[in-house]
Amino acid sequence: MLLLLESEKKLRLNSKPALMGAYGLAAAMFVAIVVLLSQSGRQPGTQTRVHPADHVAAQLQTGLKDRNTKTALLYQARNYVPIWLDADDRLTADARDTMAILAAAGEEALPMDRYHLPAPPAPNAGDEAKAQFETLMTSAVLNYAADMRWGAMQPEKLFDDANMPREQDDVAGRILAAAQSGTVAATLRALEPQVRDYAVLKAALKQYRAAKPWPMVTAGSSPDNLRQLQARLQAEGRLPASAAPVSAAALRSALQAYQTDSGLTADGKLTERTVAMLNIPAAARASQIAANMERWRWLPRDLGQRYIMVNVPDASLALVESGTPTLLSRVVVGAPDKPTPILATNAIAVTVNPAWHVPKSIVQKEIQPKLDSNPNYLEEKNMISRDGDIIQQPGPDNALGTAKFEMPNVFDVYLHDTPSKHAFLSDDRALSHGCVRVEQIHQLVEKVTGIEHGKLEELIAAGQTVREPLDQTIPVYIQYWTAIPRENGGIAFRQDVYGRDERMISAMFPQEHSVVLASTH
């Protein structure tokens with residue numbers, strides 16, 4: 001009837017008024033009836049032919065009726081019409097493409113055992129077996145779609161210092177719509193993070209998983225050590241493959257490039273720290289890449305036209321505008337026993353000459369013992385006690401320095417300045433109590449707020465606390481990237497300073513955990 005009414009509607013809209021009589025309406029009704037009959041497998045004057053798929057639909061209804069699972073609700077919305085089998089109970093083209101995607105879930109750094117991909121039913125299989133294939137296939141697709149959209153692991157369940165709010169998205173509704181149009185495979189592909197970094201990591205995951213074990217390197221500069229180094233750099237594609245020794249200058253240059261990529265001092269020497277990085281096997285690096293791909297799935301698909309990205313293991317910050325970093329800065333992040341959290345929030349204001357409300361934990365562990373031995377400690381540090389709180393007033397020794405970004409979050413961490421600039425010169429910048437100290441804080445304030453350099457200097461010199469609300473809030477992502485894509489398609493690695501990679505790999509890929517554990521400790 002819906003098709004009949006639609007045909008009548010189209011005839012009314014498209015026909016000339018002179019033709020809109022009983023004849024025209026009757027003709028439209030006839031056409032609609034013929035279409036309806038042809039679509040239902042009948043021809044005028046013939047017996048109704050029941051497609052094999054109708055029996056599968058009946059079996060699905062018997063098994064899923066009154067259930068409240070996502071799979072059951074999806075079939076209920078389709079009136080139990082099969083998704084993966086056609087009218088003759090054969091796999092559809094979309095089913096074959098979708099099964100190929102699920103079979104390759106490992107290439108997306110997803111754990112295969114979460115999907116239980118069923119085998120296609122044999123041509124002579126019974127209706128119950130075919131219905132079971134339908135439900136298992138749909139359940140696997142819904143699980144895969146959710147994992148690709150939001151991640152296979154929830155960060156808040158892995159870490160007690162993570163807060164990554166999930167975007168609203170009716171993934172099941174998207175799969176339902178795709179099932180109607182036979183485009184489930186295309187819909188699953190579209191759920192992949194559409195950013196270059198993810199694509200580079202995906203390609204690198206395949207490369208590192210296929211890599212042969214590479215040579216171990218020993219610290220020092222003996223001829224044997226240098227031969228080991230050459231073979232190791234060649235194994236990762238950092239030097240051309242050749243049995244002949246490369247020149248000392250070429251080897252030193254390649255090592256310096258490796259050290260720079262690894263966040264190490266680029267001195268061209270085989271130090272113990274450099275050797276430790278070189279000797280992490282390819283299999284462990286592959287697991288590390290997989291953990292980073294999962295963290296990409298935790299992020300919003302649209303990061304924003306303008307956002308701040310903090311990479312904790314790299315101790316760096318980038319202001320990104322229209323997809324391009326417009327400011328880069330070193331930062332100091334939390335020490336291993338005071339980790340900076342994984343966080344997505346928004347900066348809402350900048351405070352110039354902020355006061356520091358000292359957290360209770362710092363008061364108890366650090367300030368109170370000093371106050372017990374020195375009654376003048378608060379006065380010497382420009383601190384006051386008010387209503388049980390310790391507050392450090394603005395000034396040259398204030399721990400927050402001259403500026404702070406206000407970004408409400410459950411961990412009370414923020415981006416701020418510091419009077420201790422020397423820490424930015426170190427390779428190891430995991431030193432703070434959890435907040436992020438920014439070396440280029442004034443430049444960041446100027447870019448984000450639009451305050452001119454001279455005006456900002458005047459505000460700082462005045463010594464008064466001034467709060468500047470942002471015209472538009474700016475997303476801030478404090479993330480944990482230990483595998484960093486480079487412009488040339490290579491990957492730069494960072495130390496798993498908080499052990500987050502290890503925990504994620506243990507949860508997602510238990511069989512790979514022992515490899516990482518043996519390689520990094």
Side-chain angles (χ1 to χ4, degrees), residues 1-4 6-7 10 32 34-43 48-65 67 69-105 107-108 110 112 114-123 125 127-150 169-194 301:
M1 283 301 295
L2 288 175
L3 185 58
L4 187 152
E6 184 65 21
S7 297
K10 289 181 178 179
V34 171
V35 172
L36 282 169
L37 291 173
S38 66
Q39 287 184 346
S40 64
R42 287 191 290 157
Q43 297 296 330
T48 300
R49 181 172 70 87
V50 179
H51 285 301
D54 292 340
H55 296 292
V56 178
Q59 189 68 46
L60 286 168
Q61 183 170 7
T62 300
L64 298 177
K65 189 177 181 181
R67 292 194 183 182
T69 65
K70 289 182 179 179
T71 298
L73 292 173
L74 190 148
Y75 278 103
Q76 289 167 23
R78 286 177 53 81
N79 199 26
Y80 302 100
V81 174
I83 298 172
W84 313 110
L85 300 173
D86 64 15
D88 295 312
D89 283 357
R90 294 172 301 192
L91 284 179
T92 66
D94 194 33
R96 291 191 293 272
D97 290 345
T98 300
M99 292 182 75
I101 290 173
L102 295 178
E107 296 177 10
E108 302 287 349
L110 288 170
M112 289 292 299
R114 288 175 60 83
Y115 310 116
H116 306 294
L117 181 63
D127 296 336
E128 184 176 355
K130 292 171 182 175
Q132 185 180 36
F133 168 77
E134 278 279 337
T135 55
L136 289 175
M137 181 73 175
T138 300
S139 177
V141 165
L142 290 172
N143 286 342
Y144 180 93
D147 289 354
M148 186 59 77
R149 181 63 181 85
W150 295 298
D169 195 343
D170 183 11
V171 170
R174 291 168 70 171
I175 297 300
L176 174 61
Q180 298 288 86
S181 58
T183 57
V184 173
T187 299
L188 293 181
R189 291 189 190 98
L191 290 172
E192 180 179 316
Q194 302 298 308
R301 288 301 181 264

Discussion item. Set out, in order, the CA-CA distance, both residues' side-chain angles and the distance that settles side chain to side chain contact (heavy atoms under 4.5 Å, CB included) for D169 and R301, then state yes or no.
Written reply: CA-CA 11 Å; D169 195 343; R301 288 301 181 264; over 6 Å; no
Practice prompt. Could you tell me whether the side chain of R174 reaches within less than 4.5 Å of the side chain of L191, counting heavy atoms only?
Written response: yes
Discussion item. Go through it in stages, so that I can follow the logic: the residues are H55 and D89, the test is side chain to side chain contact (heavy atoms under 4.5 Å, CB included), and I'd like the CA-CA distance, side-chain angles, deciding distance and then a yes or no.
Written reply: CA-CA 10 Å; H55 296 292; D89 283 357; over 6 Å; no
Worksheet entry | Over all atoms of both residues, closest heavy-atom pair of K130 and P123 | NZ-O, 3.8 Å
Practice prompt. Could you name each residue pair satisfying salt bridge (charged side-chain N to carboxylate O under 4.0 Å, His left out) that touches residues 91-105, not counting sequence neighbours?
Written response: none
Discussion item. When you measure from the side chain of E134 to the backbone of I83, do you find a donor-acceptor pair of N or O atoms at a distance under 3.5 Å?
Written reply: yes
Fill in: Considering all heavy atoms, the nearest A77-L176 contact
CB-CD2, 3.8 Å
Worksheet item: How many angstroms lie between atom CZ of R189 and atom CD of Q194, to the nearest 0.5 angstrom?
Response: 11.5 Å
Response to the item:
Shortest non-hydrogen pair, F133 vs P120, comes out as CE1-CA, 3.7 Å
Worksheet item: Is the count of non-hydrogen atoms from other residues, nucleotides or ligands lying under 6.0 Å from E192 atom CD greater than 12?
Response: yes
Worksheet item: With a 3.5 Å cut-off and no angle check, do the side chains of R78 and Q180 form a donor-acceptor pair?
Response: yes
Discussion item. Are there over 12 heavy-atom neighbours, none belonging to E128, within less than 6.0 Å of that residue's CD?
Written reply: no
Discussion item. If we ignore hydrogens and angles and just use 3.5 Å, is the side chain of S139 paired with the main-chain N or O of T135 as donor and acceptor?
Written reply: no
Worksheet item: Any side-chain heavy atom of L91 sitting closer than 4.5 Å to one from L85?
Response: yes
Worksheet item: For A105 and Y115, which heavy atoms make the closest approach, and how far apart are they?
Response: CB-CE1, 3.8 Å
Fill in: Minimum heavy-atom distance between L117 and M99, given as atom pair plus value
CD2-O, 3.8 Å
Practice prompt. Determine yes or no for a side-chain-to-main-chain donor-acceptor pair under 3.5 angstrom, with Q76 supplying the side chain and R67 the backbone.
Written response: yes
Worksheet item: Which atom pair, heavy atoms only, marks the closest approach of I101 to Y144?
Response: CG2-OH, 3.6 Å
Worksheet item: Heavy-atom distance under 4.5 Å between the side chains of T71 and L136, does that happen here?
Response: no
Worksheet item: Is there a donor-acceptor pair under 3.5 Å between the side chain of R149 and the backbone N or O of D170?
Response: no
Worksheet item: Has the side chain of N79 got a donor or acceptor atom that lies under 3.5 Å from a matching backbone atom of V81?
Response: no
Discussion item. Could you check whether any side-chain heavy atom of L142 comes within less than 4.5 Å of a side-chain heavy atom of V171, counting everything from C-beta outward?
Written reply: no
Worksheet item: CG of L188 to CG of L102: how many Å apart, nearest 0.5 Å?
Response: 6.5 Å
Discussion item. If you define the side chain from C-beta out and look only at heavy atoms, does anything of W84 sit under 4.5 Å from V184?
Written reply: yes
